[in-house]
Amino acid sequence: LTYPHQMPEFVQLDNGRIQAFDADTLDSVWISEPTSNSDAITSKLTYHEGYVYGGNKANAEGAGAYYAIKTEDEDSNKTEEEKKFAWTYTEADTSFYWEKGTVIGNYFVVGDLSGKLLVLDRKTGNKVDEAVLDSGFSGAGITYDEKSNTFYFILTSKYSISFRFICWSIMCCNMTS
């Protein structure tokens, strides 16, 4: 359940959908289309400036996916308006089970169970950069400190790691540890 300051509340459903409810009345506002494999969104949801982001575990072919959906209610007369995902990012041989990402500027940053730290364009889902680590992410999520321009996460090896962005251009998104 994700509820950003009097906005709709967002809930993952077991059939690969996200549903938005009015924060005051709990009436349905909209429901997403099912995910591409109809697997449940198993990550914690992230809300940022009109988008909700969520990921799921690997499907039968071994690919995990992350999704973004715009939260605007385009038709307030329909309580179960079906919305399409703004983008879907699929990665082979991975899983985003319990992996909550964070938004940093124009980027959505998320880790996976195989140890990849992915940087995606937050509005298109295109991969901008990645770092491959020796251990998978723990599912605790990623936290960002704007003052130090650093984000923090925990790996399954129990190490706490921090990375700092050293460039903010869309053409350059290198990371240092």
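Side-chain contact check for Gln12 and Thr42: no donor-acceptor pair (N or O, by modelled atom type) lies under 3.5 Å.
Inter-residue side-chain proximity for Tyr53 and Ile69 is flagged as unmet; no heavy-atom pair is nearer than 4.5 Å. Counting only heavy atoms from C-beta outward, the side chains of Ile18 and Ile41 approach each other to under 4.5 Å. Glu9 places a side-chain heavy atom less than 4.5 Å from the side chain of Leu26. Contact of the Lys127 side chain with the Tyr89 side chain is registered, since non-hydrogen atoms from C-beta on lie closer than 4.5 Å. Here the side chains of Ser32 and Glu82 are not in contact, with every heavy-atom distance at 4.5 Å or above.
Here the two rings, on Phe85 and Tyr67, have centers that are under 6.0 Å apart. Checked against the 6.0 Å centroid criterion, the rings of Tyr51 and Phe108 do not qualify as a close aromatic pair.
Pairing each heavy atom of Val128 with each of Leu120, the nearest pair is CG2-C, 4.2 Å. In terms of heavy-atom proximity, Glu99 sits nearest to Val110 at O-CG2, 3.7 Å. Of all the heavy atoms in Asp93 and Ser114, the pair that sits closest is O-CB, 4.1 Å. Listed here is the closest heavy atom pair of Thr94 and Glu91: CG2-O, 3.1 Å. Closest of all the heavy-atom pairs between Leu113 and Tyr97 is CD1-CB, 4.0 Å. Pairing each heavy atom of Ile142 with each of Val109, the nearest pair is CD1-O, 3.7 Å.
Between Tyr66 and Phe96, the ring planes lie perpendicular to each other; the angle is over 60°, past the 30° to 60° tilted range.
Side-chain N or O atoms of Ser43 include none that pairs as donor or acceptor with a backbone N or O of Trp98 at under 3.5 Å. Checked by atom type and distance alone, the side chain of Glu81 pairs as donor or acceptor with a backbone atom of Asp75 at under 3.5 Å. Between the side chain of Asp14 and the backbone N or O of Ala40, no donor-acceptor pair lies under 3.5 Å. Between the side chain of Trp30 and the main chain of Lys78, no donor-acceptor pair closer than 3.5 Å is present.
Heavy atoms of other residues, nucleotides or ligands lying less than 6.0 angstrom from NZ of Lys116 number more than 12. Counting non-hydrogen atoms of other residues, nucleotides and ligands closer than 6.0 Å to CD of Glu74 gives a total above 12.
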Start with the C-alpha distance between Lys83 and Glu72, add both sets of side-chain angles, then the distance that settles salt bridge (charged side-chain N to carboxylate O under 4.0 Å, His left out), and finish with yes or no.
CA-CA 10 Å; Lys83 293 179 63 80; Glu72 180 184 357; over 6 Å; no
